[in-house]
Amino acid sequence: MNELLEQRERYLWALRDITSPEERSEPQERRRRFLWLPEYREALDPRVLVVRGERGAGKTALFHVFSMFASREGRLESVEVPAWMRWESSFSLEKNRWLVGFSEEGTQHPSPLVLATFYREAPQDSERLRHFWFGSLVGLLGEWSLGEDAERKAAMWEKLSPFWEVWRAARHAPSVWAPAVGAQVSLLLGVLDEIEQRLEREGRYLFVVYDQLDRIGLGDAVMQKESIKILLQIWQSFSSRYKRLRAKIFLREDLYQSVSRSYTDAGKLESLSCSMRWSVENLYRVLYRRMLASEELRGWLVALGFPVGIEDPEWGAYPPSMPPETEDDPQLSIPEVLEGAQGRSEKLRSVSQLSLMEAMVGRTMGAGVNKGYVHRWIPNHLSDANKAIVPRSMLNLFYFAASDALKRMPRVQEGHLLHHTALMEGLREASVYRMKELQEEYLFVQRLGLLRGMTLFAAQEEVEQKLSGLPLDGKEDGYGSDGKRVFAELERLGILKVRKERRAGMPDERRVDMPDLYRLGLEIKRRGGVARG
């Protein structure tokens, strides 16, 4: 294998590493890959209680950053935030405190298995769940408060015995300490009042953040829904009482919608929530930032003359804006890419979606004037029927494309990192992965297997008829033979799309389409389909 192929192989392994769907990065690496966006100002607004989004939308990435602040004694000052990551706001990041209210990671909180057992001991007793969430909050605040000023707080916590003593001794056994909560509700609430008053005097906020609530219940949808609903009710009631003690609850969009449908004051809950959606530009910036965080790929970008952006010793290089195209996006020849990979360009190149993809893959998805531009082809094929794309799908595309390119080496010796055929294979694998994700969340999504081998566009009635059967594995999903309801849910999720075809003198015909992000993984054909771009 010659030197150029060896170098390209290193780049591909690096690309695979930064886009892996099974990330196990350390906090320092997470900081250097995380993309701060101005859009997060809404999620950080103290008035926002629920941060919701589809799986892969970046909720957990944002949660991990908050958790990182919490792990450093809850002080954001110990993690310096560069000026370029801030925005004009009356809400000061540097004054906040952060506390993890629930996460499956680590051993600080009861495991989902313990919570499932706790719930099944008395499944009809919603008050027990209320005592769990409230007692857990008070216990965590107690530890935080004692850590802040042990001497001053010792007397206050002494009067909370037996709850405080039993919670500290058996924090992972809610069946042990939850009964003590009911006997001391007024005292425990007084503790929260005192913490609120202290935060007000100091001009600070204390945020309690919750994530991975979809793990609660271990498949028991009733327990999951009831637990989340009670947690939301507690914090919604607190939202009127406390202005400085606040929560950030990260929820999948479907769980939020499911809970809100049975929520007493759904309108108020909606006003306390925000949704995470991504622009195409920010999806490309996520990829670019991760490339800058890799020593190998950063060297490749710099050699080609791409800008590094703003540099920070702790947070790494922050990418500039990435418009679709710029006026000075000259077409690269393969020799230029080869030369850039081995040396260093003296000319600073503009960075855009077009220029980055041209360097990585080429300008178009193959030869010929009818082939689509790569930088447009990617979002077109990753969008769901609601025109939404999540970062995980974007990263998966390049992970699987890099994996395919590594399998084909050294036979394929194109001058770019990826051949367009690798990108197409990456899309197919990303589609399979996305379908597995959704099937884990929604049992009824498994019914899409009944459509395997179909050719679209198909009549809506035909699709509904096929969806009326049970999933191929025979598991009951709660929809019985109601194919219309299943179809409506799949349409809501952006998996299916209805197109109306007008016919002279006849009612509009409703034809069903499916975005490529889902269609390819199910091996569903599209009549007359051509590459979009």
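Only this structure's heavy atoms are used, side chains among them; waters, hydrogens and symmetry mates stay out. Since we're looking at a predicted model, the values are computed, not measured.
- Summarising the geometry of Arg363 relative to Leu354, their closest heavy-atom pair is NH2-CD2, 3.4 Å, with the distance given to 0.1 Å.
- Tyr210 OH to His109 NE2: the interatomic distance, rounded to the nearest 0.5 Å, is 9.0 Å.
- Atom CG of residue Leu490 and atom CG of residue Leu448 lie 5.0 Å apart, to the nearest 0.5 angstrom.
- Taking every heavy atom of both residues into account, Val351 and Pro323 meet most closely at O-CD, 3.9 Å.
- Gln460 pairs in a side chain to side chain donor-acceptor pair (under 3.5 Å) with only one of the listed residues (Arg510, Glu491, Lys484), which is Arg510.
- Considering Arg499, Lys497, Arg519 in turn, Arg499 is the only one that fulfils the side chain to side chain donor-acceptor pair (under 3.5 Å) rule with Asp513.
- For the residue pair Glu325/Ser352, the side-chain donor-acceptor check at 3.5 Å is not satisfied.
- Using a 4.5 Å cut-off on side-chain heavy atoms (C-beta onward), Phe398 and Met360 make contact.
- A donor-acceptor pair under 3.5 Å is formed between the side chain of Lys248 and the backbone N or O of Ala43.
- Using modelled atom types, one side-chain atom of Asn380 and one backbone atom of Arg376 make a donor-acceptor pair closer than 3.5 Å.
- For the pair Asp516 and Arg526, the minimum side-chain heavy-atom distance is below 4.5 Å.
- Put simply, CG on Leu418 and CG on Leu406 are 9.0 Å apart, with the number rounded to the nearest 0.5 Å.
- Remark: Glu104 CD to Arg215 CZ distance equals 4.5 Å, nearest 0.5 Å.
- Looking at Leu301 and Tyr288, their side chains come closer than 4.5 Å, going by heavy atoms from C-beta outward.
- Other residues, nucleotides and ligands contribute more than 12 heavy atoms inside 6.0 Å of the CZ atom of Arg492.
- Ring pair Tyr373/His375 is perpendicular by interplanar angle, where above 60° counts as perpendicular and below 30° as parallel.
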Under the criterion side chain to side chain contact (heavy atoms under 4.5 Å, CB included), I'd like the reasoning laid out for Leu297 against Tyr11: C-alpha separation, chi angles, the key distance, then a yes or no. CA-CA 6 Å; Leu297 294 174; Tyr11 294 147; 4.0 Å; yes

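- The two residues Leu269 and Ser260 make their nearest non-hydrogen contact at CD2-CB, 4.4 Å.
- Across all their heavy atoms, Ala14 and Ser294 have their closest contact at CB-OG, 3.6 Å.
- In this structure, the side chain of Asp45 engages the main chain of Arg47 through a donor-acceptor pair within 3.5 Å.
- Salt-bridge annotation for Asp17 and Arg33: present, with a side-chain N of the basic residue lying under 4.0 Å from a carboxylate O of the acidic one.
- With rounding to the nearest 0.5 angstrom, the OG atom of Ser279 is 8.5 Å from the CZ atom of Arg285.
- Between the side chain of Lys225 and the main chain of Leu255, no donor-acceptor pair closer than 3.5 Å is present.
- A distance of 8.5 Å separates CG of Leu251 from CG of Asp214, quoted to the nearest 0.5 Å.
- Between Asp384 and Pro515, the shortest heavy-atom distance links the atoms C-CG, 3.7 Å.
- Taking the side chain as every heavy atom from C-beta outward, Met514 and Leu451 approach each other to under 4.5 Å.
- Within the 4.5 Å cutoff, no side-chain heavy atoms of Arg246 are placed close to those of Leu49.
- Glu429 pairs by the side-chain contact (heavy atoms from CB on, under 4.5 Å) definition with Phe400, Glu425, not counting sequence neighbours.
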Evaluate side chain to side chain contact (heavy atoms under 4.5 Å, CB included) for Tyr518 paired with Val445, printing each intermediate quantity in order. CA-CA 11 Å; Tyr518 307 112; Val445 170; over 6 Å; no

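- Ser227 places none of its side-chain heavy atoms less than 4.5 Å from the side chain of Leu115.
- Across every non-hydrogen atom of Trp278 and Val286, the tightest pair is CZ3-CG2, 3.4 Å.
- Trp300 is listed as a side-chain neighbour of Leu417, based on a closest heavy-atom distance under 4.5 Å.
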Run His416 and Val361 through side chain to side chain contact (heavy atoms under 4.5 Å, CB included) and show every step you take. CA-CA 6 Å; His416 303 283; Val361 186; 5.6 Å; no

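- Results of the side chain to side chain contact (heavy atoms under 4.5 Å, CB included) test with Asn396 over Ser431, Pro21, Ser20 single out Pro21 as the only residue that passes.
- Side-chain atoms of Glu358 and Val374, non-hydrogen and from C-beta on, never get closer than 4.5 Å to each other.
- For Arg52, the salt bridge (Lys or Arg N to Asp or Glu O under 4.0 Å) partners at least two apart in sequence or on another chain are Glu253, Glu270.
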Quick one, Glu105 with Val100, criterion side chain to side chain contact (heavy atoms under 4.5 Å, CB included). Give me CA distance, side-chain angles, the key distance, then yes/no. CA-CA 10 Å; Glu105 296 182 8; Val100 177; over 6 Å; no

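- Counting only distance, with no hydrogens or angles, the side chain of Ser403 and the backbone of Tyr399 share a donor-acceptor pair below 3.5 Å.
- A salt bridge between Glu54 and Arg392 is absent, with no side-chain N of the basic residue lying under 4.0 Å from a carboxylate O of the acidic one.
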